[in-house]
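Have a look at the structure below, then the notes.
On a predicted model such as this, the values are computed, not experimentally measured, just so you know. The chains referred to below are lettered A, B, ... by the order of the sequence lines, with proteins before strands, and numbering in each begins at 1.
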Amino acid sequence: MATELNQSYDPKNVESKWYKAWEDNGCFEGEVVEGKDPFTIMIPPPNVTGMLHMGHVLDNTLQDIFIRRARIEGKSALWHPGTDHASIATQVKVEQALKKEGTHRRDIGREKFLERAWKWSDDHGGIILNQLRTLGASCDWRRTTFTMDPDYVRSVQEAFVKLYDRGFIYRGKRLVNWCPVSQTALSNEEVIMKPQNGKMYKMRYELVDEPGRFLEISTTRPETIMGDSAVAVHPEDERYKDLVGKKIWRPFPKAEIPIVADRAVELDFGTGVLKVTPAHDQADFDIGKRHNLPVIDIMNPDGTLNELAGEEFAGVERFKARKMAVKKLEELGLLVEIEDYENNVGYSERGDVPIEPRLSEQWYLKYPKVEEAKRAVENGTIKFHPKRWEKVYLHWLNNIQDWCISRQLWWGQRIPVWYKKGEDRKDPANIHVSVDGPSDPENWEQDDDVLDTWASSYLWPFATFGWPNTDEKTKRELDYFFPTSMLVTGFDIIFFWVARMIMASLELMGEDKETLTDEEIEKRVPFKDIFIHGLIRDPKGRKMSKSLGNSPDPLDLIEKFGADGLRFGIVNIAPSGADILFAEERLEIGRNFCNKLWNACRFRQMNGTTDGNRSQELILDRLSNAQIDGYGNWILYRLLETLKDVEVQFEKFEMHQLTHSLYNFFWGDFCDWYVEAAKAMLLSKDDPRHDGALAVSDLVIRESLLLLHPVMPHITEELWQSMGYCEEGQFLQNSTLIKSADLNAALAAKGVTVDVAAALRIEQVKELITQARAVKAEYNVASKRDVTLFVTPTDESCAASLEDNLDTIKRLAGAAVIELRDNVENAPGSVSALGTVYLDLASAVDVDAERERLGKELQKLEKVIAAGNGKLKNETFISKAPPQVVEGARKQLAETQAKYDEIKRLLASFG
RNA sequence: GGGGGAUUAGCUCAGUUGGUUAGAGCGCUACCUUGACAUGGUAGAGGUCCCGAGUUCGAAUCUCGGAUCUCCUACCA
């Protein structure tokens with residue numbers, strides 16, 4: 001069904017057409033197939049209300065590349081899609097909508113609020129999934145999972161109950177990171193440290209027993225003075241030793257507080273005196289615990305102060321209270337000085353305000369299987385790519401702290417805990433933990449809180465299959481697809497998600513065991529390879545954000561460059577593991593490459609029927625040594641090399657190298673050299689090697705399309721079909737990608753031997769052609785195609801090589817005549833391994849220009865020769881370097897010397 | 001404070017275990033609309049491989065020190 005191709009590639013209709021065909025024909029469906037190896041990737045679920053951004057494009061393109069590659073490697077590939085309910089992010093958005101309507105979630109109540117949240121999620125959910133379709137993502141959409149799906153919620157609650165029963169989940173009262181905007185606790189990971197230009201206030205507190213004697217204290221938070229319950233100094237601080245145990249005046253509300261000694265105080269920081277506010281600072285909280293100090297909580301959940309702060313402060317917002325407190329210190333004559341001070345302040349990721357350390361009762365998870373999680377990475381069961389992220393992961397695990405998993409939010413999986421109405425919640429007898437709740441619900445009330453989003457997505461690799469259900473389907477699929485093959489994600493969520501998934505899987509994917517053996521670890525890990533890519537930044541290195549306006553809409557980019565162009569472009573510029581500086585122009589290479597691919601196929605179609613392309617077998621049948629010229633042999637050799645390179649790149653997870661290899665091969669080798677060299681044969685049906693050249697082209701294009709398909713699925717499918725590489729109704733993915741070694745064997749079986757030595761000969765011919773072009777360009781006759789060239793061959797075999805390729809050389813160098821001669825005088829020339837090529841200038845040569853050019857070349861070679869000579873005269877080099885290196889150096893020197901002599905002779909010929 | 005990473009052409013980056021004259025894309029210059037492609041072709045200019053020391057026959061590559069940038073992490077108020 002070869003069809004006419006347009007002059008330039010237009011992705012618009014092609015991409016949507018094939019995506020629909022793939023979906024309609026179940027191309028993305030991942031099923032248990034006995035006898036086939038599984039290949040599984042779980043999508044990092046985007047926020048349900050999110051929009052596709054460049055980070056998604058990179059992340060999902062990479063996943064699609066691996067999935068599509070697995071398909072044409074004959075594996076049963078499953079890419080499981082879904083979305084995350086993003087508890088706090090979504091709730092913030094819904095609350096903003098409510099605010100616009102002049103209402104608040106507390107006004108409408110939990111039930112109404114959840115209705116709104118569901119509507120929000122239904123309205124916006126799925127948008128991003130459709131955007132992924134536009135990108136060409138080959139997910140098994142039938143399996144799309146949402147973390148708020150009833151089944152998934154149940155999985156989350158089952159996990160909670162199991163972990164509670166096993167003693168990993170507990171309730172505790174301690175300082176948490178409190179977001180005054182969302183009014184919920186946050187995990188440490190959700191707090192972002194930002195450097196702040198603030199003030200350091202130095203003030204003085206008066207000693208109770210010695211009126212008139214003051215201690216100077218520095219603080220950045222004078223608004224918490226009212227919560228001070230002590231002043232602390234270092235136990236070995238000579239300055240204050242006599243004061244420990246004495247009392248000091250807290251200025252307001254005026255009260256006597258003790259001076260304590262604690263090692264947490266830094267001797268040489270500030271004045272060495274620290275005000276201790278246990279309710280509002282983690283370090284102070286710890287000191288307070290050690291000295292049994294009262295905890296005075298002066299703040300309301302919304303960040304305003306309460307009556308404990310004193311009448312005048314009650315109800316005042318914290319930053320306003322800071323100003324008031326400073327003013328008051330000043331009035332009391334207690335303010336010593338204010339200086340500029342830069343420090344790090346923790347911000348709420350979603351609320352974007354400073355978090356407030358706040359004492360509250362929360363649910364915590366003591367991480368299970370921490371040791372096993374480390375071991376899994378240390379013993380190579382799980383591999384990070386690039387490897388250096390292992391350190392980051394292990395460092396976090398080595399310093400791990402219990403995870404606050406409860407959130408004072410409504411949108412999320414509700415914590416499956418009930419308390420007996422009116423009874424003491426501390427008494428275990430009054431706590432009920434189960435998925436289905438107590439049998440007498442009227443006597444109980446459920447915990448108000450929901451779980452941290454990540455405390456649901458950490459089950460993603462197995463809850464998506466229906467865990468902990470034990471039905472036949474779930475069991476069969478988990479047996480087959482789990483552990484999944486790989487995880488593709490950015491380094492920013494190694495702690496949030498990756499590490500937690502690993503621990504959850506180790507704990508839950510098997511029976512309850514205290515410790516695990518290496519064998520058990522291997523069966524329980526959620527994935528084997530973790531591919532960590534960089535973050536996309538703008539050309540100035542800044543993070544992409546809506547407020548900066550530096551975040552392009554991927555759909556616009558698809559409009560401009562095509563999904564395939566975008567995919568190729570983004571992978572091409574993504575170095576392994578490092579951040580990516582994104583600039584739109586850098587995508588042009590992808591679009592241009594699509595066009596090149598398109599035109600190469602178009603040219604092929606212009607030169608003959610593609611009827612014999614139906615299978616690789618048929619194409620191989622059309623090949624024979626007799627029909628393959630040197631260039632044909634060379635391009636087949638390069639094809640085998642490229643297949644091999646790509647195999648290695650997939651093993652090493654080097655995707656930008658992959659695009660470089662494919663680009664260089666198809667454009668640089670096939671289009672620029674093979675097609676150009678073979679044009680004479682291709683264009684003339686009478687040429688005895690016409691059919692052979694077509695067959696070589698067909699094989700190279702076919703394998704190239706297979707190699708490129710994972711990166712550029714749409715255009716390769718279109719060309720696959722139009723070049724007649726498959727039967728009607730079949731798809732590219734129904735074919736199998738052959739391994740380099742197997743193709744070599746298959747060629748040999750057909751009597752086609754790919755000769756390495758001959759391929760190297762062609763490299764020399766290419767070099768000579770390039771030299772000829774250079775000389776022509778130097779004499780401004782580059783565009784003339786009727787010049788005469790002389791060549792003095794280096795030796796007999798070179799002369800034979802030249803004879804064999806004379807027509808090609810003529811064609812590619814643009815010469816009407818090429819004469820092989822023993823000696824040439826007074827003509828500008830250029831030296832190559834095969835021989836020296838001269839431009840015959842009937843008219844006078846610009847002698848000076850030619851001298852200058854050759855002189856320059858000579859200088860370059862002199863350096864190389866000097867270096868080579870030095871090396872070879874060096875006894876230790878001869879004795880210590882490997883023989884082949886020495887031999888190589890000798891050969892190189894000889895060649896360079898010959899070239900040098902030849903140029904010298906040339907130079908001399910100009911008098 | 002601790003730990004990564006980076007530093008190679010004007011820009012963005014490759015450079016696989018140390019071994020021919022350090023590469024690519026973009027940009028730039030010149031020439032070319034030659035029967036796939038101007039989203040193209042050909043040729044070219046452009047580099048003290050951040051600095052210093054060391055190991056080695058040999059270092060962009062390994063070791064140590066330094067500089068600059070960057071990210072993560074941390075309870076110096």
With rounding to the closest Å, how many angstrom separate the [atom1] atoms on [N] and [M]?
{"N": "G52(B)", "M": "U61(B)", "atom1": "P", "answer": "12 Å"}
{"N": "G46(B)", "M": "U39(B)", "atom1": "P", "answer": "29 Å"}
{"N": "C57(B)", "M": "C62(B)", "atom1": "C1'", "answer": "16 Å"}
{"N": "C26(B)", "M": "U70(B)", "atom1": "C1'", "answer": "24 Å"}
{"N": "U8(B)", "M": "C49(B)", "atom1": "C1'", "answer": "4 Å"}
{"N": "U42(B)", "M": "G35(B)", "atom1": "P", "answer": "16 Å"}
{"N": "A60(B)", "M": "C75(B)", "atom1": "P", "answer": "43 Å"}
{"N": "G65(B)", "M": "A22(B)", "atom1": "P", "answer": "30 Å"}

With a 4.0 Å cut-off on heavy atoms, is [X] in touch with a base, just the backbone sugar-phosphate, or nothing at all?
{"X": "Ala283(A)", "value": "base"}
{"X": "Pro357(A)", "value": "nothing"}
{"X": "Lys679(A)", "value": "base"}
{"X": "Val392(A)", "value": "nothing"}
{"X": "Thr277(A)", "value": "nothing"}
{"X": "Cys671(A)", "value": "base"}
{"X": "Phe561(A)", "value": "nothing"}
{"X": "Val648(A)", "value": "nothing"}
{"X": "Asp672(A)", "value": "sugar-phosphate"}

Watson-Crick/G-U partner (both atom distances under 3.5 Å) of [N]:
{"N": "U17(B)", "result": "none"}
{"N": "A36(B)", "result": "none"}
{"N": "U56(B)", "result": "none"}
{"N": "C28(B)", "result": "G44(B)"}
{"N": "A67(B)", "result": "U7(B)"}

ask   = Going by modelled atom types, is there a donor-acceptor pair between the base of A36(B) and the side chain of Glu676(A) at under 3.5 Å?
value =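 A donor-acceptor contact between them is present.
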Query - Side chain Lys596(A) and base C37(B) donor-acceptor under 3.5 Å - result: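 Under the 3.5 Å cut-off, the side chain and the base do form a donor-acceptor pair.
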Starting at atom [atom1] of [X], determine the distance to atom [atom2] of [N], rounded to an integer number of angstrom.
{"X": "Glu585(A)", "N": "C11(B)", "atom1": "CD", "atom2": "C1'", "result": "11 Å"}
{"X": "Phe665(A)", "N": "A24(B)", "atom1": "CZ", "atom2": "C1'", "result": "18 Å"}
{"X": "Phe491(A)", "N": "G5(B)", "atom1": "CZ", "atom2": "C1'", "result": "10 Å"}
{"X": "Ile769(A)", "N": "A43(B)", "atom1": "CD1", "atom2": "P", "result": "10 Å"}
{"X": "Gln7(A)", "N": "A38(B)", "atom1": "CD", "atom2": "C1'", "result": "10 Å"}
{"X": "Arg263(A)", "N": "C75(B)", "atom1": "CZ", "atom2": "C1'", "result": "17 Å"}
{"X": "Ile865(A)", "N": "U21(B)", "atom1": "CD1", "atom2": "C1'", "result": "11 Å"}
{"X": "Leu274(A)", "N": "A77(B)", "atom1": "CG", "atom2": "P", "result": "10 Å"}

field: Of Arg604(A) and Gln771(A), the one whose closest RNA chain B nucleotide lies more 5'
entry: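 Upstream on the strand: Arg604(A).
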query = For RNA chain B, whose closest nucleotide is more 5', that of Arg586(A) or that of Ser783(A)?
reply =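 In this pair, the answer is Arg586(A).
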Under 4.0 Å between a side-chain N or O of [X] and OP1 or OP2 of [N]?
{"X": "Asn607(A)", "N": "A36(B)", "value": "no"}
{"X": "Tyr779(A)", "N": "A43(B)", "value": "no"}
{"X": "Trp667(A)", "N": "G41(B)", "value": "yes"}
{"X": "Gln657(A)", "N": "A14(B)", "value": "no"}

query = How are the rings of Phe568(A) and Phe593(A) set relative to one another: parallel (under 30°), tilted (30 to 60°) or perpendicular (over 60°)?
reply =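 The rings of Phe568(A) and Phe593(A) sit tilted, inter-plane angle from 30° to 60°.
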Item to complete: Determine, using ring centers only, whether Phe384(A) and Tyr393(A) are less than 6.0 Å apart.
Response: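 Tyr393(A) vs Phe384(A): aromatic centres under 6.0 Å.
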query = Does His714(A) offer a backbone N or O that forms a donor-acceptor pair with the side chain of Asp564(A) under 3.5 Å?
reply =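 Side chain of Asp564(A) to backbone of His714(A): a pair is present.
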(Q) Whether the side chain of Glu15(A) engages the backbone of Ala563(A) through a donor-acceptor N/O pair (distance < 3.5 Å, no angle test) should be reported. (A)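 Judged by distance alone, yes, a pair lies under 3.5 Å.
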Could you verify whether a donor N or O on one side chain and an acceptor N or O on the other, from [X] and [Y], lie under 3.5 Å apart?
{"X": "Thr271(A)", "Y": "Glu216(A)", "value": "no"}
{"X": "Asn188(A)", "Y": "Asn177(A)", "value": "yes"}
{"X": "Gln649(A)", "Y": "Asp645(A)", "value": "no"}
{"X": "Asp228(A)", "Y": "Tyr205(A)", "value": "yes"}

Worksheet entry | side chain to side chain donor-acceptor pair (under 3.5 Å) between Glu767(A) and Thr770(A), intermediate numbers included | CA-CA 5 Å; Glu767(A) 187 203 354; Thr770(A) 302; over 6 Å; no
Original post:
Does the cation-pi check pass for Lys194(A) over Tyr347(A), that is, NZ or CZ under 6.0 Å from the six-membered ring centre and within 45° of its axis?
Top reply: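 Yes, cation above the ring, under 6.0 Å and within 45°.
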By nearest atom, which of the nucleotides [options] is closest to the [X] side chain?
{"X": "Asn344(A)", "options": "A74(B), U21(B), U12(B)", "answer": "A74(B)"}
{"X": "His395(A)", "options": "G40(B), C37(B), U73(B)", "answer": "U73(B)"}
{"X": "Pro882(A)", "options": "G4(B), G19(B), U12(B)", "answer": "G19(B)"}
{"X": "Val265(A)", "options": "G25(B), A77(B), C31(B)", "answer": "A77(B)"}
{"X": "Arg537(A)", "options": "G19(B), C71(B), A36(B)", "answer": "C71(B)"}
{"X": "Ala881(A)", "options": "A43(B), C57(B), U73(B)", "answer": "C57(B)"}
{"X": "Lys880(A)", "options": "U56(B), A14(B), U21(B)", "answer": "U56(B)"}
{"X": "Arg773(A)", "options": "A43(B), C57(B), C76(B)", "answer": "A43(B)"}
{"X": "Ala774(A)", "options": "C76(B), G44(B), U21(B)", "answer": "G44(B)"}
{"X": "Arg602(A)", "options": "U21(B), A36(B), G19(B)", "answer": "A36(B)"}

